[in-house]
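Heads up, the thing below is written out as structure tokens.
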Protein chains: 2
Amino acid sequence: MTFITRNQHKAQGQRNPGVSPKTIERLSVYRRTLANLPASTPFIYSHELAAMCGSSAAQVRRDLMVIGTAGCPSRGYAVAELIELIDKRFAGISSHAVALVGAGTLGRSLIAYLQRRYHRLSIAAVFDKDPDLTSRVVYGIRCYPMGELRRVVEEQSISIAVIALPDASAQEVAEQLTAAGITGILNFAPVSLRVPSGTCVVDIDIAAALDKLAFFARTGRDQYLREVMDESRDKHGH
Amino acid sequence: MTFITRNQHKAQGQRNPGVSPKTIERLSVYRRTLANLPASTPFIYSHELAAMCGSSAAQVRRDLMVIGTAGCPSRGYAVAELIELIDKRFAGISSHAVALVGAGTLGRSLIAYLQRRYHRLSIAAVFDKDPDLTSRVVYGIRCYPMGELRRVVEEQSISIAVIALPDASAQEVAEQLTAAGITGILNFAPVSLRVPSGTCVVDIDIAAALDKLAFFARTGRDQYLREVMDESRDKHGH
DNA sequence: TAAGCCATGTGAAATGGTTCACAGAAGAGC
DNA sequence: GCTCTTCTGTGAACCATTTCACATGGCTTA
């Protein structure tokens, strides 16, 4: 994947506290982790949350600063309050409706995945150009033909879209989406979308993610072998 | 998504030319883009490749430095040579076989997606704990029960795995994978995997990606965001 | 009330990554 | 051959993000 998000944060003069994209991602993870906590855990320390999220205590505290922090030195952070503060920082998100373009294998699995696992943003409509699929209901969501995109997006105030399509048509679809008023696109197609300024694109490039993994896994194994051969005495836990 | 990548390339003190993960991802994108070029384009300039990949000319040149650059000032880069150099940098990747754990909706769509679109790494085996699926063939790939994981991984020298599962079992599966000798995991489950040092994990967190998108798409409507999230400016003309 | 502990919040330093800017090279036109 | 143009390759500057380190302050125990 790639996660080529290109946002150049310049001029954070005084407008907006300038939250970094990385921090936003982690806040999302923190929130999910916190929400899964048993009720028997009303408080949590930064190092505990860090361990659960694969982060570091300092990182967690730094991230939490942007939501107006609320930790108490001896108890840690109040879980419920944290969730609430994160939600407040994300305020408005819950009102976003999502459109999915592409009801193929990937599209359908995304519907299933998000319906099960994600409750703040929901898929409001599915679009596909295959006439066999349109005007049917896929996993409980109505599938429209592409021609109705603009109408449905406007009627339902949809602001973000997921592109789950083979490359060829992704750019064309992105243009239709932005023309219909979409301001955010989650793109699974392995192409770089050109969109008007003001529209945000997040790419998930599975092939690139695999390449990256293969590259580092290889060197990782070399490193492992090197360590094993060098000395077999000292095991480092971490 | 998130792309919380936790690959501990700590201590790359002086070993390994120290290529950054971001550069590796982009090289993967460059290679794919180059491979799709028509034969009528034997040479390409850094700014052309940048425009195609949503990057900048300086970034492209900087990235290409790590593969031992080969550009000619007046012609640009020889496409075929570039591909070859990138492959050399990724040397060994082509020998990686991939295991997929989870033959549910997401798993199956990944098989289809990768079979169609990706030719350097291929899925060698699928594993699932559902007895209805195992010992069947899914999209042309044999599906084994979890119990055979270790044997198959060893027999086929599989070194990287994809986890396409609901959260609950992901950690457990990660442990089985690393025990079987896997050194790289592409994780779609929204949990933070704990793996032994030397194993590389790349997370694709679709829910976090959507959150990030929603956050920036929302603010994207503001004047401020226009500047911050700019996508297509910066890709200059020249 | 005082002392000890431990975790927070946050400047400041370190690290990682991107962009700038320019020297140098190679073709094009004259 | 000389000059003009335009590109590459790369040191240096710049910016973003992470980590360090410590002052601060609440809680507990006595």
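If you're wondering where the values come from, they're calculated on a predicted model, not measured in any experiment.
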Within the structure, does a side-chain N or O atom of [X] lie under 4.0 Å from either OP1 or OP2 of [N]?
X	N	value
S46(B)	dT8(D)	yes
S20(B)	dG16(C)	no
Y45(A)	dG9(C)	no
S74(B)	dT6(D)	no
R75(B)	dA28(C)	no
R61(A)	dG9(C)	no

Spacing of [X] atom [atom1] relative to [N] atom [atom2], expressed in whole Å:
X	N	atom1	atom2	answer
L27(B)	dG17(C)	CG	P	13 Å
E25(B)	dT18(C)	CD	P	10 Å
L64(A)	dT17(D)	CG	P	17 Å
L82(B)	dT8(D)	CG	P	10 Å
I67(B)	dG9(D)	CD1	P	10 Å
F43(A)	dG26(D)	CZ	P	15 Å

Which of these nucleotides, [options], is closest to any side-chain atom of [X]?
X	options	result
A58(A)	dC20(D), dC7(D), dT8(D)	dC20(D)
Q59(B)	dT18(C), dA25(C), dC20(C)	dT18(C)
P73(B)	dA26(C), dT18(D), dG9(C)	dA26(C)

At 4.0 Å (heavy atoms only), tell me whether S56(A) reaches a base, stays on the sugar-phosphate, or touches nothing. sugar-phosphate
Tell me what R62(A) touches on the nucleic acid: a base, only sugar-phosphate, or nothing, going by heavy atoms under 4.0 Å. base
Less than 4.5 Å apart, side chain to side chain, heavy atoms only: is that true for [X] and [Y]?
X	Y	value
V162(B)	I206(A)	no
F188(A)	L110(A)	yes
L186(A)	I204(A)	yes
S28(B)	F215(A)	no

Earlier contact from the 5' end, DNA chain D, for D63(A) and M65(B):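 Result: M65(B).
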Are R31(A) and D211(B) ion-paired here, with the side-chain N under 4.0 Å from a carboxylate O?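 Between D211(B) and R31(A) there is no salt bridge, as every charged N stays at least 4.0 Å from the carboxylate O atoms.
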If you pin H47(A) and K22(B) to their nearest nucleotides in DNA chain C, which one's is more 5'?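 Mapping each residue to its closest nucleotide by heavy atoms, the 5'-most match is H47(A).
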